[in-house]
Amino acid sequence: MSEYTLADVSVVMGSYNEAEAIGPVLEDIDEATDGQAEVVVVDSSSDGTADIARDHGATVIEQEPQGYGYAVCKALLSATNPVRITTDCDGTYPMERIPDFLELVNEGYDVVSGDRLYHGADTMPTLNRFGNYAFAGLSSVLSGEYLHDVTTGMRAYHEDVIEEITWTENTGLSAELLIRPAMRGYEIREEPIAYDERLGETKLDPFSGGAEIAGSILRVCAEERKRQLAGLF
């Protein structure tokens, strides 16, 4: 088994008008990784977010606004290191946990998923929190796997997971990024993390966005069940 170091880590994110938050997030990543990690930002902003990211040493890929999932997927596939860690650029996730996630990948986990709900996620808006519990319950029932937080934005992946699976979802990508590996037998670890209040304004409408995520869960679980029945594990 490979023993990866912080120099083998890529931290990736999609960004859309996050000028207020992205600087502190990138500073936290730099501190947590001793400046060794590659940082990839796929940006569709009009507020200078891309310039701030470049000033902090990130590789910035600019594209027209297409949605959360397409940006994050592009970032994941554009990263060059074997351990790829997703985060949001709104200051909600604990970047100081990156070395812990790396250690768990070195222990043999293919996906290390930050579980915001384990500690209650008190800083999360109430509607979002209950919605995320519902998404987890729906995913668990349909996938046959116990999953506790399927919409978290902070995860570590071994590169094989990212490159061996075809990703299809947009708003529901976070759920897809956990459900497909879990249903295909990859080693999954849901690791409790703290969750902070976001910096700046949210871009996701809880009702339309929630409906899209639920649709993704239904679609992905159905596709993976069909795959299992076909004997493609």
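Considering CG of Leu147 and OG of Ser113, their distance stands at 8.5 Å, rounded to 0.5 Å. Here Ile217 contributes atom CD1 and Leu142 contributes atom CG; the two are 8.0 Å apart, rounded to the nearest 0.5 Å. Atom CD1 of Ile85 is separated from atom CE of Met13 by 11.0 Å, given to the nearest 0.5 angstrom. How far CG of Leu173 is from CG of Leu76: 7.5 Å, rounded to the nearest 0.5 Å. Note that the CG atom of Leu117 and the OG1 atom of Thr152 stand 8.0 Å from one another [nearest 0.5 Å]. Distance check, rounded to the nearest 0.5 Å: CD of Glu169 to OH of Tyr70 gives 8.0 Å.
Looking at every heavy atom in both residues, Trp167 comes nearest to Ile162 through NE1-O, 3.0 Å. The shortest non-hydrogen separation linking Ile52 to Ala19 is CD1-O, 3.6 Å. Considering every non-hydrogen atom in both Arg189 and Tyr109, the closest pair reads CB-CD2, 3.4 Å. Heavy-atom minimum distance, Ile29 versus Val11: CD1-CG1, 3.6 Å. In plain terms, the two heavy atoms of Val41 and Ala53 that are nearest each other are CG2-CB, 4.3 Å. For the residue pair Gly14 and Cys89, the shortest heavy atom distance occurs at O-SG, 3.5 Å.
Surrounding CZ of Phe130 are at most 12 heavy atoms belonging to other residues, nucleotides or ligands under 6.0 Å away. Other residues, nucleotides and ligands contribute only 12 or fewer heavy atoms inside 6.0 Å of the OH atom of Tyr118.
Side-chain atoms of Thr86 come within 3.5 Å of backbone N or O of Gly153 as a donor-acceptor pair. With hydrogens and angles disregarded, no donor-acceptor distance shorter than 3.5 Å links the side chain of Asp8 to the backbone of Pro82. A donor-acceptor pair under 3.5 Å is formed between the side chain of Ser45 and the backbone N or O of Asn17. Listed for the Asp90 side chain is a donor-acceptor partner under 3.5 Å among the backbone atoms of Thr92. Side-chain atoms of Glu224 never come within 3.5 Å of backbone atoms of Ala182 as a donor-acceptor pair (strictly under, hydrogens ignored). For the pair Asp30 (side chain) and Leu26 (backbone), a donor-acceptor distance under 3.5 Å is absent. No side-chain donor-acceptor contact under 3.5 Å links Asp115 to the backbone of Pro192. Of the possible donor and acceptor atoms, one in the side chain of Thr5 sits under 3.5 Å from a partner among the backbone N and O of Ala7. With hydrogens and angles disregarded, no donor-acceptor distance shorter than 3.5 Å links the side chain of Thr33 to the backbone of Leu6. The backbone N or O of His158 lies less than 3.5 Å from no partner atom in the side chain of Asp110, so there is not a single donor-acceptor pair.
His119 has its ring centre no less than 6.0 Å from the ring centre of Tyr195.
Thr80 and Glu38 share a donor-acceptor pair across their side chains, judged by distance under 3.5 Å alone. Side-chain atoms of Asp43 and Ser15 form a donor-acceptor pair, as typed in the model, at a separation below 3.5 Å. Counting only N and O atoms by type, the side chains of Arg180 and Thr166 include no donor and acceptor under 3.5 Å apart.
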I would like to know whether Glu107 and Glu103 meet side-chain contact (heavy atoms from CB on, under 4.5 Å); could you show each step before the answer? CA-CA 6 Å; Glu107 289 178 13; Glu103 182 177 348; 3.8 Å; yes
Test salt bridge (charged side-chain N to carboxylate O under 4.0 Å, His left out) on Arg97 and Glu191; report intermediate values, then the result. CA-CA 10 Å; Arg97 296 296 307 279; Glu191 176 70 10; 2.8 Å; yes
For Met183 and Arg225, run side-chain contact (heavy atoms from CB on, under 4.5 Å): C-alpha distance rounded to whole Å, both residues' side-chain angles, the deciding distance at 0.1 Å, then the answer. CA-CA 8 Å; Met183 294 185 72; Arg225 284 295 188 195; 4.0 Å; yes
Using the side-chain contact (heavy atoms from CB on, under 4.5 Å) rule, take Arg84 and Val105 through it: C-alpha gap first, then chi angles, then the decisive distance, then the call. CA-CA 10 Å; Arg84 300 176 191 180; Val105 171; over 6 Å; no
Could you walk me through whether Tyr4 and Val9 satisfy the side-chain contact (heavy atoms from CB on, under 4.5 Å) test, starting with their C-alpha distance in whole Å, then the side-chain angles of each, then the deciding distance to 0.1 Å, before giving a yes or no? CA-CA 8 Å; Tyr4 297 115; Val9 169; over 6 Å; no
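Between Met95 and Glu27 the shortest side-chain heavy-atom distance does not fall below 4.5 Å. Side chains of Thr171 and Ser216 form no contact here, defined as non-hydrogen atoms less than 4.5 Å apart. Residues Arg116 and Asn132 have side chains in contact (heavy-atom distance under 4.5 Å, counting atoms from C-beta outward).
Taking Ser143 as the reference, nothing meets the side-chain hydrogen bond (donor to acceptor under 3.5 Å, both in side chains) condition, with sequence neighbours excluded.
Both Leu218 and Leu177 belong to a single network of hydrophobic side chains, linked directly or stepwise wherever heavy atoms of I, L, V, M, F, W or Y lie under 4.5 Å apart.
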Give the table of side-chain donor-acceptor pairs shorter than 3.5 Å for residues 58-69, with sequence neighbours excluded, one pair per line with atom names and distance.
| residue | atom | partner | partner atom | Å |
| --- | --- | --- | --- | --- |
| Glu62 | OE2 | Arg54 | NH2 | 2.5 |
| Tyr68 | OH | Ser174 | OG | 3.0 |

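Checked for salt-bridge contact, Glu176 and Arg219 miss the test: no charged N lies under 4.0 Å from a carboxylate O.
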